Amino acid sequence: MSVPYNQRTHSCGELRAEHVGQTVVLAGWVNNYRDHGDNLVFIDLRDREGLTQLRFNVDTDPEATKRARTLRNEYCIAVRGEVLHRGDQVSKKFHTGEMPTGEIEVSVHEIDVLSQSETPPFEISDFVDTNEDLRLKYRFLDLRRPKVARAFRIRAQAARLIREYFAEQGFLEIETPFLTKSTPEGARDYLVPSRVQPGSFYALPQSPQLFKQLFMIAGFDRYAQLVRCFRDEDLRGNRQPEFTQLDLEMAFVKADDVMGIVEGCLARVWSEILGYEIKLPLPRMTYADAMSRFGCDAPDTRFGLELQDVTESLKAITADEFGVFANALAAGGIIKAICVKKSEGAEKLTRKITDGLTEAIKGIGGGGLATTKVQGTADAPEFATGIGARIQPYCAAICKATGAEPGDQLFFAPGKPADVAKYLSFARIRLAHELGLIPAGHFEALWVVDFPLLDWDEEEKRYVSPHHPFTMPLEEDIPLLATDPLKVRSQAYDLVMNGEEMAGGSIRIHRGDVQRRVFELLGISEAEAHAKFEHLLNALRFGAPPHGGIAFGFDRWTMRLVGTDSIRDVIAFPKTQRAVCPLTDAPSEVAIAQLNELGIDLSAELKAKRKAAEESSSMNVGDHIHKHGQ
RNA sequence: GGGGCCGUAGCUCAAUUGGUUAGAGUACCGGACUGUCGAUCCGGUGGUUGCGGGUUCGACUCCCGUCGGCCUCGCCA
């Protein structure tokens, strides 16, 4: 009689003292085995829910014990046995909470080997870190590791909570097309050639933006969808070419309504999964404040080190004194500073740390980072080290402007406001890490609002949309569209947590006159607007309700819930930085016949490369046969 | 496209200034062992130092190129 693996009674994470005496059927993988010779064998059996210790005793179950001795790691087995209390042998890990089943063990009477395993290419263990490339190539093994699997249980739980929340709030989940139309603005599209219309291409959606606005015009009122999005841009630690958004849109709402819904969702998810209570309503900060105080539109508000303007204090500096500052001011630039207080650990800033910071700033395109320490007395502060000697005459003014006192250290960046913001916001975060100013296990969320409606693109000499061209200006700023477009603020809002954008959205334009004016400013002609966005513009003519929405990066939410900085840890089969899937080797070449059917030809360069690759591989095959022939 | 870090046994890593036969832990194989729990103990197998070229009496080490991975700037409305 064999063990009925299709009638498991429990998972491997489930058995407790209360089950003692029961006969159970478990199935899973051999996590490790401890063979004690003549009498006893222990196996830790693993499934996705946990580990259970199996005990084989040769005196009571000689046949099962004999089989147990043939087991190796990762064999897939099913067992039937009796739950025993471990008595005074309760696992230490039961007491630490690492092994909730550690109070019991299963004395196995019957075992079936369902499937043997080759020696895995790396150990399936939370104790061994293997290089990620190999892990991704054998992701199905990597996913067996409890720590790795945990991320996907959390992801699934978060998805369920979010769906429940939006269903309760009256949202409909409706699917939108993946094969859709390429949009000219924004990220690069992934293209899909059409066989039926050779020479034409679908695009995979960067987001369902246009469709969800059409839902509002259709009267669906509240729409929310967990949806895959695609962007063909360079990858990052938190960016994959395909990722998941919770995309939502609401009609008859103002910005406050959308923000209220989303922050309610955030608080619910954080509370249910982490037991962490986020206080609502979330604070709000204007974009202008965020840029001025933090140099960044996604400020990390868990620590201070805010940016301080010292342009006024240094406005009289001459090129002889310090050319870098004088030249920046002469060119119309500004100078800002970060003051690291003595109480924040300024004395920990060794030369090694400040030099490392300077090098890192150079690495992102800056000229370095000027720094000096404040010494002397509160009444008569003096600068020491670094650039101190060069800016000594301005010491009193700078200390007054920044609140710097003896024992503090100052870091300066001169130049165009955007550059100053970039380098000092970078320095701010790095300093906070170096000084341990970021509290662990803490979440600081806020809304950033009042973004500019338009940016000026210096290279292309035109206005561009920081959000998208359907974003509604603030009502009170609409007159400025005619007079001072860069001053116009938009009804856009970003949810920021711990210095990372977690969601972004806006109230949309539903008035034709405003939309035309915005297109005009963006240099999009009437004809062009119709070619690109005809379906939306058409729809806006048929009684479009006021509407707005938001999308949040579900992968990023999951990253924060799991506590990882890599998006690859929350995607089952992620791609490497070159957008390759190590498991499937996608993307791959396809047969020429397949391309012909689509009316696609490869460039001469690609064809030559392909031919060369084919020749060298056929030579290798020849070598291989030759070798075996010998 | 730019900057940085990395590539040595199946896996994680070491190898002094360029110097003898490239080591350790783990995994794997064999043996021992009555309560282990990342078991322990004894023994063993295992290497094109990513790849190609150069310098040198001699290269894991230095130089050039190339492939791959990670971080990052640009990019990502």
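Order of the sequence lines fixes the chain letters, A, B, ..., with proteins taken first and strands second; residue numbering starts at 1 for each chain. Only heavy atoms go into these numbers, but all of them, side chains included; no hydrogens, no water, no symmetry mates. All values derive from a computational prediction rather than experimental measurement.
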Is the phosphate of B:U36, meaning OP1 or OP2, less than 4.0 Å from a side-chain N or O of A:Gln53? no
Just wondering, do A:Phe42 and B:U36 stack (centres under 5.5 Å, planes under 30°)? yes
Heavy-atom nearest nucleotide on RNA chain B taken for A:Glu233 and for A:Ser566; more 5' hit belongs to A:Ser566
Phosphate contact (B:U12 OP1 or OP2) by A:Asn131 side-chain N/O below 4.0 Å: yes
Just to be sure I understand the rule, does A:Lys362 reach a base, reach only the sugar-phosphate, or reach nothing, if contact means heavy atoms closer than 4.0 Å? nothing
In whole angstroms, how far is the C1' atom of B:U34 from the CG atom of A:Asp88? 14 Å
What nucleotide, of B:C11, B:C28, B:C70, holds the atom closest to the side chain of A:Arg568? B:C70
Just to be sure I understand the rule, does A:Ile364 reach a base, reach only the sugar-phosphate, or reach nothing, if contact means heavy atoms closer than 4.0 Å? sugar-phosphate
Using ring centroids (six-membered ring only for Trp), state whether A:Tyr75 and A:Trp29 fall under 6.0 Å. no
Closest nucleotide among B:G68, B:G10, B:C28 to the A:Tyr33 side chain: B:C28
Inter-nucleotide P distance (B:U12, B:U21), Å rounded: 28 Å
Mate of B:G18 across any strand shown (Watson-Crick or G-U wobble, both atom pairs under 3.5 Å) is none
Taking the P atom in each of B:C42 and B:G58, what is the distance between them to the nearest angstrom? 42 Å
For A:Asp234, which contact category applies under a 4.0 Å heavy-atom criterion: base, sugar-phosphate, or nothing? base
For RNA chain B, whose closest nucleotide is more 5', that of A:Asn73 or that of A:Thr130? A:Thr130
Applying a 4.0 Å non-hydrogen cut-off, can you work out what A:Arg72 is touching in the nucleic acid: base, sugar-phosphate, or nothing? sugar-phosphate
In chain order, what residues pass the side chain to side chain contact (heavy atoms under 4.5 Å, CB included) check against A:Asp126, with sequence neighbours excluded? A:Arg145, A:Pro146, A:Lys147
Quantified in whole Å, what is the C1' atom distance between nucleotide B:C60 and nucleotide B:G74? 35 Å
Atom-to-atom span, CZ of A:Arg135 to C1' of B:U12 - whole angstrom: 13 Å
Please measure how far the C1' atom in B:G46 lies from the corresponding atom in B:G1, and state the result in whole Å. 43 Å
Distance, P atom - from B:A9 to B:U61, rounded to whole angstrom: 15 Å
Hey, does A:Lys92 reach any base, or is it just sugar-phosphate, or nothing, if we go heavy atoms under 4.0 Å? nothing
For the residue pair A:Phe140 and A:Tyr138, categorise the inter-ring angle as parallel (less than 30°), tilted (30 to 60°) or perpendicular (more than 60°). perpendicular
Could you work out the separation of B:C29 and B:U72 based on their C1' atoms and round it to a whole Å? 45 Å
Across the strands shown, which category fits A:Ser125 at heavy-atom distances under 4.0 angstrom: base, sugar-phosphate, nothing? nothing
Between B:G23 and B:A15, how far apart are the two P atoms, rounded to whole Å? 14 Å
Contact under 4.0 Å: A:Arg188 side-chain N or O vs B:C76 OP1/OP2: no
What nucleic acid atoms does A:Gly365 come within less than 4.0 Å of, heavy atoms only: base, sugar-phosphate, or nothing? nothing
Measure from CD on A:Gln206 to C1' on B:C76 and round the result to the nearest Å. 9 Å
Interatomic distance at P, B:G18 relative to B:C62, whole Å: 7 Å
Applying the Watson-Crick and G-U wobble criteria at under 3.5 Å, what pairs with B:C28? Answer none if nothing qualifies. B:G44
Is the backbone N or O of A:Arg489 less than 3.5 Å from a side-chain atom of A:Asp450, with the two atoms forming a donor-acceptor pair by type? no
Using purine N1 to pyrimidine N3 plus N6-O4 or O6-N4 for Watson-Crick, or N1-O2 and O6-N3 for G-U wobble, both under 3.5 Å, which nucleotide pairs with B:C70? B:G4
What integer distance in Å separates A:Arg231:CZ from B:C75:P? 15 Å
Is the A:Trp456 ring parallel, tilted or perpendicular to the A:Tyr463 ring (thresholds 30°, 60°)? perpendicular
Using a strict cut-off of less than 4.0 Å between a Lys/Arg side-chain nitrogen and an Asp/Glu carboxylate oxygen, indicate whether A:Glu520 and A:Arg517 qualify as a salt bridge. yes
Nearest non-hydrogen partners of A:Asp247 and A:Lys212, listed with the distance: OD1-NZ, 2.7 Å
Select base, sugar-phosphate, or nothing to describe what A:Leu51 touches, counting heavy atoms under 4.0 Å on all strands. nothing
When all nucleic acid strands are considered with a 4.0 Å heavy-atom cut-off, which category describes A:Arg236: base, sugar-phosphate, or nothing? base
Which listed nucleotide (B:G74, B:C70, B:C11) is nearest to the side chain of A:Leu134? B:C11
When all nucleic acid strands are considered with a 4.0 Å heavy-atom cut-off, which category describes A:Glu105: base, sugar-phosphate, or nothing? base
If you only use heavy atoms from C-beta on, which nucleotide in B:C11, B:G74, B:A27 is closest to the side chain of A:Val128? B:C11
Salt bridge check, A:Asp419 against A:Lys422: does any charged N sit closer than 4.0 Å to a carboxylate O? no
